[in-house]
There are 2 protein chains.
Amino acid sequence: MQRAPTIQIGTVAPKTATVNDPAQPGALGPARPLAPSELRYLVVATQREGNRTFARAVGELGLTPSHAEILVVLEEFGPMSLRDLGEMIVCEAGSPSRIVDTLVQRGLLERGVDPNDRRAIVITLTAEGRGKLPALRRIEHEMDGATADQLTPTQQVMVAGILRGFLAGTETGEALERRFARRPKATPRTR
Amino acid sequence: MQRAPTIQIGTVAPKTATVNDPAQPGALGPARPLAPSELRYLVVATQREGNRTFARAVGELGLTPSHAEILVVLEEFGPMSLRDLGEMIVCEAGSPSRIVDTLVQRGLLERGVDPNDRRAIVITLTAEGRGKLPALRRIEHEMDGATADQLTPTQQVMVAGILRGFLAGTETGEALERRFARRPKATPRTR
DNA sequence: TCACATTTGATGTTACGACATCTATTATAA
DNA sequence: TTATAATAGATGTCGTAACATCAAATGTGA
């Protein structure tokens, strides 16, 4: 309602209202005390907004946010088993069999066999899958730009640090740690 | 993996690892620079963890997080139309017809007619629905306590302020504003 | 070796989230 | 009035999240 109802497809929607002035690090509205559960709902709402924007952007490529996450991880870390993949992503905690299956059927991924373990599969990007990555990288960059329009670098680092602490010891927290802590460009993981 | 695999049902799961020391306001790990999209995934993961914990807790009452949100809002603000309800909640943006329908079928809500507008319905808590609220309040309190174990009040207010700024102008942001800004205890909204 | 547990991945189920579409009712304007 | 738009709500669809169960392959210890 307050926001422009239509977003320009292909780019990340610009915000029409900006409460925080990015020129002032740490600047925000008056520090209202927190109502019960308010923080949790703020996190929920933030995730929803981010996911919807991301979904519209990658939807242009015929992908969903989960698809995008998997493609990016596979390009970043190289081929891996379903189990290892599950330990690197936030979507589909546990085994992402079905999402991988969808991507295999669309020709973006390949299911290979592990010669050392006939239970395991080795998931590899196909050429077509790899072809999605420049656009995905561009979208990620645009999303980060939209975040930068709303939050100062100081605020971003502050929130990230707090959330990392909150997630310490959780499965998804460990997944993000594996994924973002050290960034081994195209280093296939083995276990 | 790092976390205890079983949680005691009926209470919020305790964290086994604590990186941040709540005794030191603002204390966090080293301020690692942000990788692309990392902040978004941190928010996603945080929302997932919170939602799973909340889901297990309210699951004891036979409810889902969405159910809980609606019951709490209706008790807080009194009977309202589906449209107004949709503008107060984060779950099911748009019209929560189906979730309300489920709750009506379970006898927790009642669908009434609006004498002034035959299109509209008036959603009211039944006695049984109202009976869930003490337990829901207790669960919310436990969730807040679990948050307090992980984040200092300073950190909480900081994150909340930043997220409010980020959500300014969005539908869900406005919904939370309506819901948490001023807290009119049991004041039925009319429009 | 053999019984048993563990691991890997697939699959079934329920409930949401987001989007689109549809009907009934009400509002608006020529 | 009457045509048209706007609104309230219901409903259909697709993909995901979380949970559970299952089969096949592998690991383990007696």
Side-chain angles (χ1 to χ4, degrees), chain A residues 1 5-7 9 44-45 47-56 58-59 62-70 80-87 89-106 111-123 171-172 191, chain B residues 1 5 7 9 44-45 47-59 62-70 80-87 89-106 111-123 171-172 191:
Chain A
M1 353 188 90
T6 59
I7 68 166
I9 297 299
V44 172
Q47 187 270 337
R48 294 278 166 81
E49 292 297 330
N51 200 58
R52 293 208 306 179
T53 305
F54 189 53
R56 290 180 197 183
V58 299
L63 300 175
T64 68
S66 298
H67 298 166
E69 183 177 16
I70 287 175
M80 65 180 75
S81 72
L82 196 59
R83 171 198 161 85
D84 287 345
L85 180 61
E87 287 180 352
I89 61 181
V90 176
C91 71
E92 191 86 2
S95 68
S97 303
R98 278 175 279 226
I99 300 182
V100 166
D101 205 59
T102 301
L103 291 170
V104 169
Q105 286 178 4
R106 294 197 192 172
R111 229 190 276 263
V113 292
D114 186 334
N116 300 326
D117 190 340
R118 276 190 293 173
R119 294 170 299 183
I121 65 177
V122 179
I123 307 163
E171 302 239 356
T172 51
R191 74 171 26 235
Chain B
M1 327 206 108
I7 68 165
I9 297 299
V44 172
Q47 187 271 336
R48 292 279 166 82
E49 293 296 331
N51 200 57
R52 293 207 307 177
T53 305
F54 189 54
R56 290 178 198 184
V58 299
L63 300 175
T64 68
S66 300
H67 298 167
E69 183 177 17
I70 287 176
M80 65 180 76
S81 72
L82 195 60
R83 172 199 159 85
D84 287 345
L85 180 62
E87 288 181 350
I89 61 180
V90 175
C91 72
E92 190 86 0
S95 67
S97 303
R98 277 174 280 224
I99 299 183
V100 166
D101 205 58
T102 302
L103 290 171
V104 168
Q105 287 178 3
R106 295 197 192 173
R111 228 189 278 262
V113 294
D114 185 336
N116 300 326
D117 189 340
R118 277 189 294 172
R119 292 171 299 184
I121 66 176
V122 178
I123 306 163
E171 302 239 356
T172 51
R191 77 171 22 237

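Only a predicted model underlies this, so the values are computations on that prediction, with no experimental measurement involved. Chain letters run A, B, ... following the sequence lines, proteins first, then strands; residues in each count from 1.
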Quiz item: For B:Phe54 and D:dC19, what is the distance between atoms CZ and P respectively, to the nearest whole Å?
Solution: 15 Å

Quiz item: Salt bridge between A:Arg119 and A:Asp114, side-chain N to carboxylate O under 4.0 Å?
Solution: no

Self-check item: Test item: A:Arg48 side-chain N/O and B:Val90 main-chain N/O as donor-acceptor pair under 3.5 Å
Solution: yes

Quiz item: Atom CD1 of A:Ile121 and atom OG of A:Ser97: how far apart are they, to the nearest 0.5 Å?
Solution: 7.0 Å

Practice problem: Please test B:His67 against B:Ile99 for side chain to side chain contact (heavy atoms under 4.5 Å, CB included), starting from the C-alpha separation and ending with a verdict. | Solution: CA-CA 7 Å; B:His67 298 167; B:Ile99 299 183; 3.6 Å; yes

Quiz item: Within the structure shown, what part of the strands sits under 4.0 Å from A:Ser97 by heavy-atom distance: base, sugar-phosphate, or nothing?
Solution: base

Quiz item: Which of these nucleotides, C:dT13, C:dG9, D:dG15, is closest to any side-chain atom of A:Arg98?
Solution: C:dT13

Exercise. Give a yes/no on whether any side-chain N or O of A:His67 is located under 4.0 angstrom from OP1 or OP2 of D:dG15.
Key: no

Quiz item: Between B:Asp101 (CG) and D:dG12 (P), how many Å, whole number?
Solution: 12 Å

Quiz item: Between B:Leu85, B:Ile89, B:Asp84, which is the residue that forms a side-chain contact (heavy atoms from CB on, under 4.5 Å) with B:Glu87?
Solution: B:Asp84

Quiz item: Atom CD of B:Gln105 to atom P of D:dA10: distance rounded to whole Å?
Solution: 12 Å

Quiz prompt | Closest to side chain of A:Ser81, choosing from C:dG9, C:dA15, D:dT7 | solution = C:dG9

Exercise. Identify whether any heavy atom of A:Asp117 sits under 4.0 Å from a base atom; if not, whether one sits that close to sugar-phosphate; answer base, sugar-phosphate or nothing.
Key: sugar-phosphate

Exercise. Side chain of A:Arg83 only, please: which of C:dG9, D:dA18, D:dA10 is the nearest?
Key: C:dG9

Self-check item: Length of the CD-P vector between A:Glu171 and D:dA17, whole Å
Solution: 15 Å

Quiz prompt | Rounded distance in Å - CG (B:Asn51) to P (C:dA15) | solution = 15 Å

Quiz prompt | A:Glu69 (side chain) donor-acceptor with A:Cys91 (main chain) under 3.5 angstrom | solution = yes

Quiz item: Does A:Ala120 or B:Arg119 map to a spot on DNA chain C nearer the 5' end, using the closest nucleotide for each?
Solution: A:Ala120

Self-check item: DNA chain D: 5'-proximal contact among A:Asn116 and A:Arg106 (nearest heavy atom)
Solution: A:Arg106

Practice problem: Side chain of A:Arg118 only, please: which of D:dT26, D:dA10, C:dA24 is the nearest? | Solution: D:dT26

Quiz prompt | B:Ile121 side-chain proximity, nearest of D:dA18, D:dA10, C:dA10 | solution = D:dA10

Quiz item: Do the side-chain N or O atoms of A:Arg56 get closer than 4.0 angstrom to the phosphate oxygens (OP1, OP2) of C:dC19?
Solution: yes

Practice problem: Could you tell me whether the phosphate oxygens of D:dA17, OP1 or OP2, come under 4.0 Å of any side-chain nitrogen or oxygen in B:Arg48? | Solution: yes

Practice problem: Using whole Å, report how far CG of B:Asp114 lies from P of D:dA8. | Solution: 11 Å

Practice problem: Return the nearest nucleotide to the side chain of B:Ser66; candidates are C:dG17, D:dA17, D:dA10. | Solution: C:dG17

Quiz item: In whole angstroms, how far is the P atom of C:dA15 from the CG atom of B:Leu63?
Solution: 12 Å

Quiz item: So which one's nearest nucleotide on DNA chain C is more toward 5', A:Val122 or A:Ala55?
Solution: A:Val122

Self-check item: Gap between atoms CG and C1', on B:Leu82 and C:dA24 respectively (whole Å)
Solution: 15 Å

